Amino acid sequence: QQKVQQSPESLIVPEGGMASLNCTSSDRNVDYFWWYRQHSGKSPKMLMSIFSNGEKEEGRFTVHLNKASLHTSLHIRDSQPSDSALYLCAANRGSALGRLHFGAGTQLIVIP
Amino acid sequence: NSKVIQTPRYLVKGQGQKAKMRCIPEKGHPVVFWYQQNKNNEFKFLINFQNQEVLQQIDMTEKRFSAECPSNSPCSLEIQSSEAGDSALYLCASSGQGAHTEVFFGKGTRLTVV
């Protein structure tokens with residue numbers, strides 16, 4: 001079974017709106033979370049990473065992490081049609097030599 | 001743009017045939033991963049290497065796949081006898097040393113087993 005659960009499976013937001021994506025790990029040994037974006041037919045590209053409790057902001061993207069609950073969320077403000085893509089959450093731990101455990105993703109559609 | 005180069009982009013094989021795909025990791029990256037992404041976007045880790053040595057692999061890979069990362073040559077992943085369930089996007093990725101360095105992905109090889 002998937003160790004990393006993402007919700008929702010799909011999300012439709014209007015252009016300029018806020019998109020909020022969630023991710024939880026059931027593996028208590030993970031200590032690092034990654035958010036990747038994969039446009040259709042393209043390779044996944046890393047958006048943001050986080051390993052400390054709290055919040056990290058880069059431009060329109062904000063990621064939160066609660067280490068106690070192993071829950072992370074990604075928020076995209078002022079969403080653009082070009083943000084339409086599959087958003088993948090991944091987690092790993094130091095002892096696993098970088099191996100990433102991925103969720104099944106959230107398909108984001110931004111309507112102009 | 002990704003500097004992990006995968007070939008071919010598309011591969012069509014009949015059931016029982018061998019299917020081989022190649023990957024050139026980003027220059028200077030000693031760690032290489034292979035993942036399978038199915039039609040439901042689920043990722044399955046297959047195998048990883050550090051330099052030429054296998055670090056971890058799943059049972060399926062050990063039994064049905066052949067993979068290597070020779071020095072000065074592309075890495076490769078080969079399915080010995082393709083099955084319909086092997087139809088998927090095979091993603092190669094590479095990273096620097098350490099668990100928390102960014103992993104960079106190639107564009108993948110889309111395998112269709114007919």
Side-chain angles (χ1 to χ4, degrees), chain A residues 1-11 21 23 25 27 29-52 56 58 63 65 67 84-109, chain B residues 1-10 21 23-26 29-51 53-58 61 67 69 88-110:
Chain A
Q1 73 280 18
Q2 292 284 341
K3 291 184 177 181
V4 176
Q5 299 291 331
Q6 289 188 246
S7 63
E9 284 187 18
S10 61
L11 181 63
L21 293 69
C23 171
S25 170
D27 181 353
N29 293 313
V30 300
D31 56 5
Y32 222 91
F33 287 85
W34 308 79
W35 285 93
Y36 279 80
R37 181 165 72 180
Q38 186 178 23
H39 284 104
S40 182
K42 305 286 187 184
S43 58
K45 286 191 169 38
M46 201 274 286
L47 269 178
M48 294 183 76
S49 62
I50 189 165
F51 64 93
S52 298
K56 185 174 169 183
E58 291 180 6
V63 64
L65 176 62
K67 293 189 81 170
S84 298
L86 180 70
Y87 288 77
L88 295 155
C89 174
N92 66 352
R93 45 189 167 101
S95 62
L97 297 167
R99 174 180 166 179
L100 293 166
H101 296 278
F102 282 90
T106 293
Q107 189 71 50
L108 174 66
I109 300 170
Chain B
N1 286 333
S2 173
K3 294 185 174 64
V4 178
I5 309 299
Q6 288 189 248
T7 56
R9 290 293 309 279
Y10 301 93
M21 53 205 87
C23 169
I24 300 174
E26 187 161 332
H29 282 182
V31 184
V32 174
F33 304 83
W34 285 98
Y35 286 88
Q36 180 196 66
Q37 186 180 22
N38 68 18
K39 62 181 180 180
N40 296 321
N41 295 322
E42 293 163 339
F43 278 65
K44 180 185 285 183
F45 167 84
L46 297 176
I47 190 169
N48 61 350
F49 294 83
Q50 183 165 354
N51 298 312
E53 301 296 319
V54 174
L55 292 176
Q56 297 170 301
Q57 61 181 323
I58 63 171
T61 307
C69 262
L89 181 67
Y90 289 82
L91 289 161
C92 177
S94 70
S95 74
Q97 203 82 13
H100 299 145
T101 54
E102 183 179 345
V103 176
F104 294 85
F105 284 83
K107 292 184 177 180
T109 293
R110 183 162 300 281

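Letters A, B, ... mirror the listed sequences (proteins, then strands); counts begin at 1. These figures come from a predicted structure and were not determined experimentally.
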Could you state the interatomic distance from [atom1] ([X]) to [atom2] ([Y]), rounded to the nearest 0.5 Å?
X	Y	atom1	atom2	result
B/Ile47	A/Arg99	CD1	CZ	11.0 Å
A/Gln6	B/Asn41	CD	CG	10.0 Å
B/Phe43	A/Tyr36	CZ	OH	9.0 Å
B/Glu102	A/Lys45	CD	NZ	10.0 Å
B/Phe45	A/Leu100	CZ	CG	10.0 Å

Quiz item: Parallel, tilted or perpendicular: which describes the rings of A/Phe102 and B/Tyr35, with under 30° parallel and over 60° perpendicular?
Solution: perpendicular

Quiz prompt | Heavy-atom closest pair, residues A/Pro44 and B/Gly106 | solution = CD-O, 4.5 Å

Quiz prompt | Exercise: identify the closest heavy-atom pair between B/Glu42 and A/Ala104 | solution = CG-CB, 4.1 Å

Exercise. Please look at B/Arg9 and chain A and tell me whether the side chain, the backbone, both or neither of the residue comes under 4.5 angstrom of a heavy atom of that chain.
Key: side chain

Quiz item: Quick one: does A/Glu9's side chain get under 4.5 Å of B/Asn40's, heavy atoms only?
Solution: no

Practice problem: Decide yes or no for B/Gln37 and A/Leu86: does some side-chain heavy atom of the first lie under 4.5 Å from some side-chain heavy atom of the second? | Solution: yes

Self-check item: A/Phe51 versus chain B, the contacting section by heavy-atom distance below 4.5 Å
Solution: neither

Quiz item: Hey, is NZ on A/Lys42 packed in by over 12 heavy atoms from elsewhere, all under 6.0 Å?
Solution: no

